[in-house]
Amino acid sequence: MNAPLNISMPAEASKAPKAYKLLIDGKHVDARDGRTIARNSPGHGFTVSRYAQAGEAEVEAAMQAAHKAFETGPWPRTKAAERAAILLKTADLIEAQLEDIARLDALESGKPIAQARGEIGGAIDIWRYAASLARTLHGESYANLGDAMLGVVLREPISVVSIITPWNFPFLIVSQKLPFALAAGCTAVVKPSEMTSASTFVLGDILMQAGLPAGVVNILAGLGADVGGPMVSHPLVEMVSFTGSTRVGKMTMASAAQSLKKVSMELGGKNGQIVFPDADLEAAADAAVFGGFFNAGECCNAGSRLIVHEAIADDFLATVKALTAMVTVGDPLDDRTKVGAMISADHLTKVAGYVAVAAKDGSNVYCGGGQLASNAGQYLDPTIIRGVTEDMAIAREEVFGPVLSVLTFGSIEKALHIANNTPYGLSAGVWSASIDTCMSVARGVRSGTVWVNTFMEGFPELPFGGYKQSGIGRELGKRAVEDYTEEKTIQFHRGQRTGWWVG
Ligand code: NAD
């Protein structure tokens, strides 16, 4: 029996929670009915933030502000160079506040502070990348339509975008959407998760400080049904950019379809890492632990299925287990922590339930498996489950916790079958020294990203998104700004038009 985790209380615990107001039309406002949402730090248990809680009236006000800013404000008409300058200034201001923002995300989500710093660093890079795309966004021209005709295809901002984000990477995910929408000249209403809204409010302040005109970005904290729902169905919105669960994504798409809004969907994953005997097994074992337990497994890209060749399974898993025992679980604010707290007690119960069902279904818990005792907060022991078969829920459903399911294979065909045997298709990893093996897996896996002899790296230059029920569309990459545009075809005719229709 391990000693209980000893979580120290940070300075914030003895202060009043930080209060955040909604950002509507450039002003910080309370909800009309005065309601607020309190957020407890999942790693420590005290109330860290309190946000004004939006409802339908605030959605309406935010939509009107975004619409006005689009129709009559300067932003869509501003030169790309000036838009890019504001995005770059935003990146600089985020950089100046990196430590504070990382701390907010760590306190509200329970993620390790060192990791949170990395995420804010990644977000800064994305804001700068989006600034470069703002300046290269362009349409097409066709001078090959006959001497009298010139075809021009413009890219215009799509107008008001609803941006809805989840709790697991609060600052990073809004930064995968908003800078590109802004680069295109759109205006936006943004709803972060009701559990991790603080850093998005800080971003709102930074944008105002960087010189973004009022109403271009409006930020609402609130519940999915009260705020997210009306943000999706609202008639003034032309596009919904959603990251979250496949379940809510499907509801969102169904609602958006009623008025034929464009949707971008980044949803769940059930990703496999496939390990062949000829791989660098030391590196693969480290990546298996990283893939399974990074962000406490609360990660769309988690390598939650370890698909190992039978010939090496016992030895390889012994190494993975030994590395798992070395993973530091505990206080999110401790620089040494690799696995922090679970987002909520309910979520912890759900994840533990998956482990219990898997054990009942005949698999065996190879290490971990339960809640860790602690003086504060909620923590799960990194868990490896062996003897998982493809039909088990733990092999098919997104568990979203620090739980690694192990399946084995004897042939490349079987490995691919296992990897593809899920409704999801977000990402996958393959470990082998053979280029033939790597290429066969990379080509054969149906997922939006495949990592070859590495895992879960990310670059703004590379498109990211899912096959199958992991999503629709791609974020990042050179076309990320285009996603927030409409194409307009203009046909210019020169001289007198000939070829009358009548007469
Ligand atoms: P969630 O679907 O419960 O919530 C996501 C957002 O949608 C939240 O802001 C929530 O308030 C809002 N929402 C809830 N109900 C709504 C409704 N009826 N209408 C509109 N909005 C509503 O997801 P979560 O639990 O916050 O996040 C975890 C999920 O997100 C996991 O499934 C994970 O895989 C996924 N995710 C995907 C990616 C990706 O890039 N593919 C990245 C991160 C997380």
Side-chain angles (χ1 to χ4, degrees), residues 105 109-112 115-116 118-119 122-123 126 163-177 192-193 195-196 224 228 240-253 263-273 287-288 290-306 339-340 342-344 347 350-351 354 380 394-405 419-420 422-429 445-451 454-460 462-477 480:
D105 271 3
S109 73
K111 68 174 68 243
Q115 182 197 312
E119 289 169 24
I126 298 175
I163 293 180
I164 300 177
T165 60
W167 47 260
N168 59 342
F169 296 96
F171 198 84
L172 185 61
I173 289 178
V174 70
S175 299
Q176 289 182 191
K177 301 173 181 297
S193 163
M195 292 192 272
T196 54
V240 177
S241 177
F242 175 89
T243 298
S245 62
T246 295
R247 183 184 67 82
V248 178
K250 285 177 185 174
M251 286 161 49
T252 301
M253 266 191 80
V263 293
S264 159
M265 294 277 147
E266 296 289 339
L267 309 176
K270 187 71 191 176
N271 318 296
Q273 286 211 67
F290 168 57
F293 307 134
F294 169 76
N295 210 46
E298 295 170 333
C299 180
C300 55
N301 267 329
S304 53
R305 291 181 303 154
L306 186 55
V339 172
M342 299 298 290
I343 188 77
S344 68
H347 188 59
K350 183 178 156 199
V351 174
Y354 269 110
L380 258 182
I394 202 137
R396 301 177 56 75
E397 295 174 22
E398 190 183 43
V399 175
F400 228 56
V403 182
L404 193 53
S405 298
N420 286 332
T422 122
Y424 297 105
L426 191 59
S427 59
V445 167
R446 292 196 40 81
S447 69
T449 295
V450 183
W451 284 287
T454 185
F455 199 68
M456 230 191 304
E457 299 201 50
F459 301 90
L462 299 181
F464 176 69
Y467 279 34
K468 302 196 279 184
Q469 294 189 31
S470 286
I472 292 187
R474 294 291 177 269
E475 293 192 326
L476 306 175

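For clarity, every value in this text was computed on a predicted model and none was experimentally measured.
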With the side chain counted from C-beta on, respond yes when [X] and [Y] share a heavy-atom pair under 4.5 Å apart, and no when they do not.
X    : Y    : result
V351 : V403 : yes
V174 : P192 : no
Q176 : I126 : yes
F464 : N301 : yes
M195 : P170 : no

| task | Give the C-alpha distance, both sets of side-chain angles, the deciding distance and a yes or no for side chain to side chain contact (heavy atoms under 4.5 Å, CB included) between T196 and T165. | result | CA-CA 10 Å; T196 54; T165 60; over 6 Å; no

Side-chain ([X]) to main-chain ([Y]) donor-acceptor, under 3.5 angstrom:
X    : Y    : answer
T246 : G268 : yes
K468 : N420 : yes
N271 : G303 : no
R305 : K270 : yes

If you round to the nearest 0.5 Å, how far is [atom2] of [Y] from [atom1] of [X]?
X    : Y    : atom1 : atom2 : answer
D105 : F169 : CG    : CZ    : 10.5 Å
I394 : L404 : CD1   : CG    : 10.0 Å
S245 : E398 : OG    : CD    : 8.0 Å
N295 : E119 : CG    : CD    : 6.0 Å
S109 : E298 : OG    : CD    : 8.0 Å
I472 : S264 : CD1   : OG    : 9.0 Å

Over all heavy atoms of both residues, which pair between [X] and [Y] is shortest? Give the atoms and the distance, please.
X    : Y    : value
A116 : K111 : CB-CD, 3.9 Å
F242 : V248 : CZ-CG1, 3.6 Å
Q273 : G291 : NE2-CA, 4.1 Å
P463 : R474 : CB-CB, 4.2 Å
L426 : C300 : CD2-O, 3.3 Å
E475 : S241 : OE2-OG, 3.8 Å

Hits for side chain to side chain donor-acceptor pair (under 3.5 Å) against T243, two or more places apart or cross-chain, chain-then-number order -> K177

Those residues at least two apart in sequence (or on a different chain) that pass ring pair (Phe, Tyr, Trp, His ring centres under 6.0 Å) with F290 are F294

**OP:** Determine whether more than 12 heavy atoms belonging to other residues, nucleotides or ligands lie under 6.0 Å from atom CZ of R446.
**Re:** no

